[in-house]
Amino acid sequence: MKAKRCLLAILLILSFLSISTAATPTTKKIRTRKPCKSMVFYFHDIIYNGKNAKNATSAIVGSPQWGNKTILAGNNHFGDLVVFDDPVTLDNNLHSNPVGRAQGFYIYDKKEIFTAWLGFSFVFNSTRHKGSINFAGADPLMNKTRDISVIGGTGDFFMARGVATLMTDAFEGEVYFRLRTHIKLYECW
Amino acid sequence: MKAKRCLLAILLILSFLSISTAATPTTKKIRTRKPCKSMVFYFHDIIYNGKNAKNATSAIVGSPQWGNKTILAGNNHFGDLVVFDDPVTLDNNLHSNPVGRAQGFYIYDKKEIFTAWLGFSFVFNSTRHKGSINFAGADPLMNKTRDISVIGGTGDFFMARGVATLMTDAFEGEVYFRLRTHIKLYECW
Amino acid sequence: MKAKRCLLAILLILSFLSISTAATPTTKKIRTRKPCKSMVFYFHDIIYNGKNAKNATSAIVGSPQWGNKTILAGNNHFGDLVVFDDPVTLDNNLHSNPVGRAQGFYIYDKKEIFTAWLGFSFVFNSTRHKGSINFAGADPLMNKTRDISVIGGTGDFFMARGVATLMTDAFEGEVYFRLRTHIKLYECW
């Protein structure tokens, strides 16, 4: 009798567990917002202005009817498409040893204020990091900080997802700016 | 004896469970396709044509050799790159109070029919929604509906993933179109 | 007594299990890197050079100050933005029956060597596959193989995530190239 009751109890546990397991994907997961990886980098953008070919790390490659390829357009640069290959450093010094490259593009996309859309990657190939982190998102650059998405990664950052908080750390005229990038990954494989 | 057998059975269950739990990531998950969040928005695009600077919300910023910056190119606009900052509304009325902005770009990418590639964000900053939803994907715009990917999100839409179904709700000549966007998120944090 | 002890043990197991289940999302998942789907495709890009309008599948639509729309620019094509609608085949023969289209853009983004940034989709509409796979990432095309991210999918590839390994399978002058694309999905719904 006792053994039977025990068996019954075990069967009950099993059936309960199988139900709860099967139901898992449909229930709302409570996920903590604690990053599995957190990193801070700086990248440095020097826009080609017709005179700085040697130092420039980016160039205007698309512009609206009222624009050109060496001066950012009026109307808050609305319509300027810039392609870049910028050094990535661990601190805010342009002349620090780069640990990677930030490569991709931004498009100024609003007439009334400065706002851009970003699609780019951090590309690492050192003993410290190998692989890439891919980003996309809106950059309302008048805000002190703004969040874009980490949409994927490769190598050391295989299948990464998360959020990157951008902060304009410096800008000089319309030729140089530096972005502090705080990467927080919430999916790490 | 009976208690021992019971203990044995329990241990068996436990070991079985620990194995099956450890194996979970390699087995195929059966996930339901029920969205954790479903929302419908409209956005309104008015392309700059050289005469509507005040009302235009988008502009041609890249074009093929045979194109220009004020008229969409021949060959089904193949090669035209358009940057936009469009109002997002809850209904299909251009003059409704915008609840956000759709910001990014599209590129017409086929000679034979109208087809585009989209990279953009919905940016919200109201009491209703704060944050952004990022999209990417092919838009074969001759199809009544077509799906693109929600590749990430921030703020209220932190780490979102899903699918957005686009439908051309209206278009007037080559200057105005309105897209109905049904966002279905399948990953909500 | 024995049955009671047995029940106690079972309750202990249950409470232990419910705790460990609740804690799961915060613990680091050990995920295997075995794809749930693996596919190989080729796509073929014929760049418009002013003379091949009929055969061209892509065109330069943005270029730096020193470039133009029919010849890839100097400085390793830095700044050239190319939009494409390329046939996708199962083998490396340009004239094989296409199983889909590769649609999107690439931007050459480095002065010193050939490197590009890609945003594109594979679009399928056949009995074999229906739906799209969306890609983004850096393409350091001097490397024999390089990885980009699968950032989403629709239809048969609903909610897909993964990595695609690109390999330049052939290139002829600056007009034709063929990319072998090995898609490995690690999230399949």
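On a predicted model such as this, the values are computed, not experimentally measured, just so you know. Naming: A, B, ... by sequence-line order, numbering from 1 per chain.
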Could you tell me which non-hydrogen atom of [X] sits nearest to which non-hydrogen atom of [Y], and how far apart they are?
X         : Y         : result
Asp86(B)  : Asp45(B)  : OD2-OD1, 2.6 Å
Ile71(B)  : Asp80(B)  : O-OD2, 4.5 Å
Met167(B) : Lys144(B) : CG-O, 3.3 Å
His182(B) : Ser38(B)  : NE2-OG, 2.8 Å
Ser58(A)  : Phe84(A)  : CB-CB, 3.5 Å

| task | Tell me yes or no: between the side chains of Thr165(A) and Asp147(A), is some donor less than 3.5 Å from an acceptor? | result |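 The answer is yes; a qualifying pair exists.
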| query | Between Asn49(A) and Thr70(A), is any side-chain donor less than 3.5 angstrom from a side-chain acceptor? | reply |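 There is no such pair between these side chains.
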| said: Report which part of Tyr108(A) has an atom under 4.5 Å of a heavy atom belonging to chain B: side chain, backbone, both, or neither. | reply: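 When you check distances to chain B, only backbone atoms of Tyr108(A) fall under 4.5 Å.
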| message | Heavy-atom pairs under 4.5 Å with chain B: which of Gly152(A), Gly62(A), Gly79(A) has the most? | response |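 Highest number of pairs under 4.5 Å: Gly79(A).
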| task | Check step by step if salt bridge (charged side-chain N to carboxylate O under 4.0 Å, His left out) holds for Arg178(B) and Asp169(B). | result | CA-CA 5 Å; Arg178(B) 178 170 69 232; Asp169(B) 194 55; 2.7 Å; yes
| request: Please list, in residue-number order, every residue in residues 89-105 of chain A that has a heavy atom less than 4.5 Å from any heavy atom of chain B; write 'none' if there are none. | output: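 Expected list: Phe105(A).
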| request: Sort by residue number and list every member of residues 110-140 of chain A having a non-hydrogen atom under 4.5 Å from chain B. | output: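 Listed by number, the contacting residues are Lys110(A), Lys111(A), Glu112(A), Thr115(A), Trp117(A), Ala136(A), Gly137(A), Ala138(A).
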| task | Heavy-atom distances under 4.5 Å only: say whether Ile151(B) touches chain A with side chain, backbone, both or neither. | result |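 Contact with chain A is through both the backbone and side chain of Ile151(B).
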| request: Select one option (side chain, backbone, both, neither) describing which atoms of Thr57(B) are under 4.5 Å from chain A's heavy atoms. | output: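 Backbone only.
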| So how far is it from Asp156(A) CG to Lys37(A) NZ, rounded to the nearest 0.5 Å? |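 With rounding to 0.5 Å, CG (Asp156(A)) is 6.5 Å from NZ (Lys37(A)).
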| Polar side-chain atom of Asn52(B) near backbone of Ile47(B) as donor-acceptor pair, under 3.5 Å |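 Pair found, side chain donor or acceptor close to backbone of Ile47(B).
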| request: Give a yes or no answer on whether the side chain of Ser149(A) reaches the backbone of Gly153(B) with a donor-acceptor pair at less than 3.5 Å. | output: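 Yes, because the side chain of Ser149(A) sits within donor-acceptor range (under 3.5 Å) of the backbone of Gly153(B).
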